[in-house]
Amino acid sequence: MRQARIGTWLVVAAMAALLATQVRAESEVRGHGGASAEHHAEVNYPHPEVPGQAVWAGAMLLTIFFMFVMAAFVGMLVRSEIPEEVPPAHSHDEPPGASHQHGTGGTRVVDPHD
């Protein structure tokens, strides 16, 4: 249980570091005014252009981050509700007739007198 919590906190710390890096990069781009026209050569053919302000990327990263956090909490909750001992499984690998419920051939024995 302790290892799962440590692993969860490591994931949360890594996501926070990635988020901080993304925020820093966005603030640097906004601070420099984005890509200026003097850095790009004039292109005469049609091509897609990158939008100047892409706020949706940060919102999407936050959404994904919070989904991971919620999944971690749900995982810990499910893990805490698991019984300590798993009940014995019913084996279907037994040869026919080994259970002694269906006769020697493995098929159900029907009593003709019933």
Practice problem: Answer yes or no: is there a side-chain heavy-atom contact under 4.5 Å between Val69 and Phe73? | Solution: yes
[atom2] on [Y] to [atom1] on [X], rounded to 0.5 Å:
X	Y	atom1	atom2	result
Leu10	Met15	CG	CE	13.5 Å
Ile64	Leu18	CD1	CG	11.5 Å
Leu19	Arg24	CG	CZ	11.0 Å

Quiz item: Would a hydrophobic clustering, with Ile, Leu, Val, Met, Phe, Trp and Tyr connected at side-chain separations under 4.5 Å, put Leu61 with Phe68?
Solution: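 No; Phe68 is not reachable from Leu61 via cluster members.
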